[in-house]
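In what follows, every chain begins at residue 1, and chains take the letters A, B, ... in the order their sequences are listed. Because only heavy atoms are used, hydrogens play no part in the values below, and waters and symmetry mates are left out as well, while side chains stay in. This structure is a prediction, so every number in the text was calculated from the model and none was measured.
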2 protein chains.
Amino acid sequence: MRMSEQRRTTIKDVAEAAEVGVATVSRVLSGGSASPATREKVLAAAARLDYRPSALGRNLRRRRTGGIGLLVPDITDTFYARLADGVLTCAQAAGEPVMIGATRDDPEREAELIGSLIEESVERVIAVPSGDGEMWGPAFRAGLSVVFAERPVRGREDVPAVVADDRSGMRTAVEYLAGLGHRRVAFLARHGQEQRVRGFREAMAALGLPVEEELIVRARATRDSAYAAAAGLLQHRTDLTAVLAGGNMLGEAAVLAARELDLRVPRDVSLIMFDDVPWAELCSPPLTVISQPAQDMGYRAAELVLREGRRTRGVTLPTELIVRGSCAARR
Amino acid sequence: MRMSEQRRTTIKDVAEAAEVGVATVSRVLSGGSASPATREKVLAAAARLDYRPSALGRNLRRRRTGGIGLLVPDITDTFYARLADGVLTCAQAAGEPVMIGATRDDPEREAELIGSLIEESVERVIAVPSGDGEMWGPAFRAGLSVVFAERPVRGREDVPAVVADDRSGMRTAVEYLAGLGHRRVAFLARHGQEQRVRGFREAMAALGLPVEEELIVRARATRDSAYAAAAGLLQHRTDLTAVLAGGNMLGEAAVLAARELDLRVPRDVSLIMFDDVPWAELCSPPLTVISQPAQDMGYRAAELVLREGRRTRGVTLPTELIVRGSCAARR
DNA sequence: GTGAAAGCGCTAACAA
DNA sequence: TTGTTAGCGCTTTCAC
């Protein structure tokens with residue numbers, strides 16, 4: 001005996017209550033033409049019944065879903081959190097729901113999440129890609145429009161990407177360090193940040209500094225991996241005088257590892273971090289950083305993916321050197 | 001620019017390819033009974049066509065959506081980011097998509113987001129509530145099952161909530177401070193953290209310390225609001241000897257404000273923060289904190305909301321005092 | 001074990 | 001201007 005069989009209020013209920021056909025209700029509610037009288041009736045009935053059109057029905061019929069999918073490696077990394085925030089801001093303004101997934105920087109998981117987005121008929125995706133171009137085959141075959149954020153994917157140069165100006169940022173950082181007299185500078189990068197690695201190499205070369213492959217260390221997008229990379233670097237290479245961290249988690253790890261090894265920043269080693277975060281200022285010493293507009297990045301990516309217009313080109317956003325106290329002149 | 005009218009592969013296509021009826025395909029794919037021979041045929045066809053069942057169709061038919069909605073004030077606040085991470089971890093393990101929204105700690109926006117979740121037929125929601133009980137009327141009327149996180153909502157005591165043990169945490173903090181000789185301790189709270197405020201009052205009273213209303217300051221869940229609150233407090237009340245920050249953003253603001261006002265921590269003022277974050281250790285001095293299991297909170301909330309079983313009770317998770325260097329004995 | 005058919009809630013032709 | 005109707009892709013009786 002089901003007394004309160006929670007049935008959802010449907011368009012049919014509204015139609016009956018307003019004494020019109022369902023098509024009329026649909027039209028009125030989506031701003032179509034209708035006589036003032038009927039419009040009034042329908043609106044009143046809808047309000048009275050607290051009617052909310054089912055996105056399920058609509059999307060099935062239209063064979064598309066409005067929402068946008070968002071794939072980031074780790075929402076716990078403030079950079080991705082800010083990026084996500086930008087996406088949310090733009091999406092909410094456009095009234096689009098956002099479906100989020102954490103890839104853990106794992107191509108396999110990424111593939112799963114892409115599959116899940118396809119199942120949900122999400123047709124727009126913003127992703128900080130972890131895997132290579134192949135992961136994205138199913139996505140394109142399914143016809144969804146994707147925009148990459150933070151970094152492009154090799155082999156998918158046709159897909160628009162919203163990125164920071166890594167080359168310029170790296171160049172600025174390396175020049176700053178070189179100006180301070182550093183020659184042996186290491187680079188802590190996240191896997192996949194090849195743009196930055198390339199920028200680093202270029203900048204070093206341009207200044208006539210040696211690029212030792214051993215001084216370019218890669219980590220995965222997790223705290224543990226970052227720490228291991230930083231500690232390993234600092235421990236084994238006592239000859240380096242400066243380290244450049246490719247992201248805030250790498251920077252955090254570097255500060256921690258340095259402290260653990262009793263290295264003083266910036267006396268024993270100078271440190272500069274890509275990405276500015278609130279705690280950089282609270283840190284001791286305050287960290288010198290290359291800031292990048294994370295939230296903007298997300299916002300722009302959302303704009304791009306929302307703009308139906310095909311053939312949109314990617315966007316490169318500027319970075320900025322913010323000198324604080326973690327770099328010193330090399331004696 | 002799609003050249004071929006990308007038609008999605010449907011169950012019908014698979015049925016034709018496998019030379020069976022659609023019902024059979026459905027059955028096989030959802031683990032129903034079928035003869036080994038047909039099962040084989042269907043699976044092969046599905047794989048060959050790279051078939052993915054449409055969640056839209058399924059959900060519409062079933063009149064429910066699997067996904068879970070997640071509403072947080074600000075994903076940029078690492079506490080909420082960790083909470084969200086917990087939710088994502090659990091949801092992904094269960095294969096459920098997560099729809100996320102940022103309420104900005106604004107009841108109105110929260111109401112909008114709830115409405116949007118209803119439209120999407122999401123039937124499970126985890127929320128860090130901003131508004132009062134009334135906001136949630138439509139949600140319950142629509143029959144969705146919700147779990148609150150971080151704090152309960154007054155007037156909705158029947159809704160399960162996953163929270164930190166605020167009373168115990170506050171008590172521990174206050175006792176620690178009192179043991180150090182502090183009597184004039186201020187509390188920086190976020191609006192809605194009434195549990196913590198209550199815990200603070202109780203703890204102070206229990207130790208025979210005076211509770212000055214003026215020393216309990218509330219901020220909204222934004223960096224600006226937090227900073228304003230902290231700066232105002234520190235500026236106007238030069239007689240206080242310790243401040244307890246109700247969350248990491250409040251703590252961050254307090255450190256910043258103190259620095260701005262040339263107050264030395266812990267010499268001039270002791271500081272203790274609710275919620276442990278990676279930078280607390282990097283800060284100078286390292287911050288003494290009451291840690292709370294944010295990611296766990298999210299995970300547990302997801303478990304609760306996923307467990308169909310109604311009448312689940314809420315969960316209270318333990319907190320822990322982690323002494324670092326931001327509190328000193330009062331001379 | 002298998003298939004035909006009836007919808008889930010909605011929108012878009014097409015009629016009236 | 002309005003209503004009728006045919007599906008969108010799927011699951012689920014209900015016959016066979």
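- As rounded to whole Å, 17 Å separates atom C1' of dG7(C) from atom CZ of Arg58(B).
- In this model, the phosphate group of dG3(D) is approached by a side-chain N or O of Thr24(A) to a distance below 4.0 Å at OP1 or OP2.
- Atom-to-atom, CZ of Arg63(A) to C1' of dA6(D) comes out at 13 Å; the value is rounded to the nearest Å.
- With hydrogens and angles left out, the side-chain atoms of Thr76(A) and Arg223(A) include no donor and acceptor closer than 3.5 Å.
- Base engagement by Gly57(A) is indicated by at least one non-hydrogen atom pair under 4.0 Å involving a base atom.
- Atom CZ in Arg8(B) sits roughly 17 Å away from atom C1' in dG7(D) (whole-Å rounding).
- Using a 4.0 Å cut-off between charged side-chain N and carboxylate O, Asp85(A) and Arg104(B) make a salt bridge.
- Going from atom CD of Glu119(A) over to atom C1' of dG9(D) covers 13 Å, rounded to whole Å.
- Of the candidates dG9(C), dT11(D), dT1(D), dG9(C) carries the atom nearest the Leu60(B) side chain, counting heavy atoms from C-beta on.
- Nucleic acid contact class of Ser30(A) (heavy atoms, under 4.0 Å, all strands): none.
- Protein atom CG of Leu56(A) is 13 Å distant from nucleotide atom P of dT11(D), rounded to whole Å.
- Among the nucleotides dG1(C), dG9(D), dT2(D), the one closest to any side-chain atom of Thr10(B) is dG9(D).
- The interatomic distance linking Leu29(A) (CG) with dA12(C) (C1') rounds to 16 Å, in whole Å.
- Candidate nucleotides dG3(C), dT12(D), dT11(C) were compared by shortest atom distance to the side chain of Arg62(B), and dT12(D) ranks first.
- By the 4.5 Å heavy-atom criterion applied to side chains, Val153(B) and Val159(B) are not counted as neighbours.
- As a whole-Å value, the separation of Lys12(B) NZ from dG3(C) C1' is 14 Å.
- Evaluation of atom-type donor-acceptor distances gives a pair under 3.5 Å for the side chain of Arg27(B) against the base of dG3(C).
- Of the N and O atoms on the side chains of Arg8(A) and Ser121(B), at least one donor lies less than 3.5 Å from an acceptor on the other residue.
- Across Val122(B) and Gly69(B), no two heavy atoms sit closer than the pair CG1-N, 3.5 Å.
- Among the heavy atoms of the strands lying under 4.0 Å from Ala23(A) is at least one base atom, whether or not backbone atoms are also near.
- Atom CD in Glu19(B) sits roughly 18 Å away from atom C1' in dA4(C) (whole-Å rounding).
- In terms of position along DNA chain D, the nucleotide closest to Ala37(A) lies nearer the 5' end than the nucleotide closest to the other residue of the pair Ala37(A) and Val22(A).
- Toward the 5' end of DNA chain C, the nearer of the two residues Val20(B) and Tyr51(A), judged by each one's closest nucleotide, is Val20(B).
- Listed nucleotides: dT2(C), dC10(D), dC10(C). Nearest to the side chain of Ile11(A): dC10(C).
- A sub-4.0 Å separation between OP1 or OP2 of dT1(D) and a side-chain N or O of Ser35(A) is absent.
- Nearest-nucleotide assignment on DNA chain C puts the 5′-proximal partner with Arg61(B), out of Arg61(A) and Arg61(B).
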